[in-house]
Amino acid sequence: NDLFTRLDALLDEFGVYKVETIGDCYVAAGGLMKTDEDTGAVTVRSDDVDPLHAYRTALLRAASAVRLPTTGQPVRMRVGIHSGSAMSGVVGTRMPRFCLFGDTMNTASR
């Protein structure tokens with residue numbers, strides 16, 4: 001919990017969206033949306049800025065600050081980055097959820 005809490009705290013700082021957490025897999029996406037400084041509206045990002053690379057470095061730094069309870073050693077994390085197109089949308093009626101779909105997401109989740 002300590003590790004995921006630290007990673008979640010970095011999301012807004014780097015403009016990254018947390019897609020989901022499955023077991024020990026933490027899936028995040030960058031470059032999806034941005035906040036318009038004039039209106040405060042959230043829009044689809046159209047520039048070439050990719051916040052995931054900076055977020056990756058912050059993830060590794062945050063992970064190294066967490067100690068394994070069994071050995072006291074810092075957590076070591078493997079970070080994979082994949083880029084490409086994806087579709088998004090809100091699905092469901094009981095618990096609506098923003099989801100990402102496509103080959104890019106399938107590849108990134110492996």
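- Residues forming a ring pair (Phe, Tyr, Trp, His ring centres under 6.0 Å) with F4 (at least two apart in sequence, or on another chain): Y26.
- Between S64 and P74 the shortest heavy-atom distance is O-CB, 3.3 Å.
- Annotation: side chain to side chain donor-acceptor pair (under 3.5 Å) contacts of T21 (sequence neighbours excluded): K18.
- When the shell of 6.0 Å around CG of D8 is examined, it contains more than 12 heavy atoms from other residues, nucleotides or ligands.
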Go through the steps to decide whether R6 and V66 satisfy the test side-chain contact (heavy atoms from CB on, under 4.5 Å), and finish with yes or no. CA-CA 9 Å; R6 288 172 188 255; V66 177; 3.4 Å; yes
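- The two residues A28 and V16 have their closest heavy-atom pair at CB-CG1, 3.5 Å.
- To the nearest 0.5 Å, atoms CZ (R76) and CG (L60) are separated by 11.0 Å.
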Checking V19 against F98 for the side-chain contact (heavy atoms from CB on, under 4.5 Å) test, could you report, in this order, the C-alpha distance in whole Å, the side-chain angles of both residues, the deciding distance, and whether it holds? CA-CA 8 Å; V19 177; F98 178 74; over 6 Å; no
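- The two atoms that bring V91 and C99 nearest to each other are CG2-SG, 3.5 Å, heavy atoms only.
- When the salt bridge (Lys or Arg N to Asp or Glu O under 4.0 Å) test is applied to E20, the partners found at least two apart in sequence or on another chain are R97.
- For the atom pair CZ of F101 and OG of S88, the computed distance is 8.5 Å after rounding to the nearest 0.5 Å.
- Here CG of L10 is found 11.0 Å from OG1 of T57. Values are rounded to the nearest 0.5 Å.
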